[in-house]
Amino acid sequence: VALAIAGMLCSNRTLKSLFLYSERIVDGTSTSDKGTNAIAESLLENRTLEDLRMYGLNASNVSFERFAEALRVNTTLTCFGISGLGMSHDNSLFMSYDDVLCLSKALARNRTLRKLILCSNGISSGGAEAFPVALRENSTLEVLELFGNHIYNAGTTAIADALVENRSLTTLDVGHN
């Protein structure tokens, strides 16, 4: 199903919002990971989608580099959410520091995204320490939702320190961390 959705996003010129909320769409197999990654690739071409939220997909090998590239070049997406993806294939925390850093670097250049949702992805304090890269440079992000990860004092402190320089963020959700 995710591969079909990705194909549709490459050619559709009317869809503004897409919400994927089901393990049935991406079930953690390599084919499903290909579908999730294909959705990221489709964002390189799509110029109408403004809101993409994917929840509870349980994909184990999502390429955050592909989503980061999409955030670097896509100029229509104003809300992006990828949450509740579960654990990686080796049962480690799902989003590593490198994953978060990759997205943060892309976000630092992005000038259209207003809302980023990365809830319940197992982001650690170390991973959260990558967010200041984006928060210091991005001037359009207004909402950052990091609810339900594993961000403790060091990560929250790093984010708070970056907010001293940030003038656009109006909502930060770090509850249940």
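Quick caveat, the model's predicted, so the values are computed rather than measured. For reference, positions follow the sequence shown, starting with 1.
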Scanning both residues in full, the closest heavy-atom pair of Asn149 with Leu118 reads ND2-O, 2.9 Å
Open item on the list: If you define the side chain from C-beta out and look only at heavy atoms, does anything of Phe147 sit under 4.5 Å from Val174?
Closed with: no
Quick one: does Leu146's side chain get under 4.5 Å of Leu144's, heavy atoms only?
-> yes
Taking Ser120 for the side chain and Gly84 for the main chain, is one N or O donor matched with an acceptor at less than 3.5 Å?
-> no
Using modelled atom types and a 3.5 Å cut-off, is there a donor and acceptor pairing between side-chain atoms of Thr112 and backbone atoms of Thr78? no
Closest heavy-atom pair, Asn110 versus Asn74, reported as atoms and distance to 0.1 Å, is ND2-O, 4.0 Å
Would Phe19 and Tyr55 count as a close aromatic pair, with their ring centres under 6.0 Å?
no
Requested in this report: Would you mind checking if Glu69 and Arg72 are paired as a salt bridge, meaning a charged N to carboxylate O distance below 4.0 Å?
Outcome: yes
Would you check if Leu172 and Ile159 make a side-chain contact, meaning some heavy-atom pair closer than 4.5 Å? yes
Separation between SG (Cys10) and CG (Leu44), nearest 0.5 Å, reads 8.5 Å
CG of Asn138 to OG of Ser168, rounded to nearest 0.5 Å, is 5.5 Å
When every non-hydrogen atom of Asn46 is compared with those of Leu49, the smallest separation belongs to OD1-N, 2.7 Å
Correct closest heavy-atom pair for Thr48 and Lys16 would be O-CD, 3.6 Å
Heavy-atom donor-acceptor pair, Asp99 side chain to Phe64 backbone, under 3.5 Å | no
Please walk me through it: do Leu18 and Asp51 pass side-chain contact (heavy atoms from CB on, under 4.5 Å)? CA-CA 6 Å; Leu18 177 60; Asp51 191 343; over 6 Å; no
Note: Arg114 and Thr140 closest approach over all heavy atoms is NH1-CB, 2.7 Å
- Message: More than 12 heavy atoms of other residues, nucleotides or ligands under 6.0 Å from CD of Glu65: yes or no?
- Response: no
* Do Ser139 and Arg167 have side-chain heavy atoms sitting under 4.5 Å apart? -> no
Tell me if a side-chain donor or acceptor on Asn12 pairs with a main-chain N or O of Thr14 at a distance below 3.5 Å. yes
What one should report as the nearest heavy-atom pair of Ala130 and Val100 is CB-CG1, 3.8 Å
Rounding to 0.5 Å, atoms OG (Ser17) and CD (Glu50) come to a distance of 6.5 Å
Looking at Lys115 and Glu142, is any side-chain nitrogen of the basic one under 4.0 Å from a carboxylate oxygen of the acidic one? no
Exercise. Is Arg109 salt-bridged to Glu137, going by a charged N under 4.0 Å from an acidic O?
Worked result: no
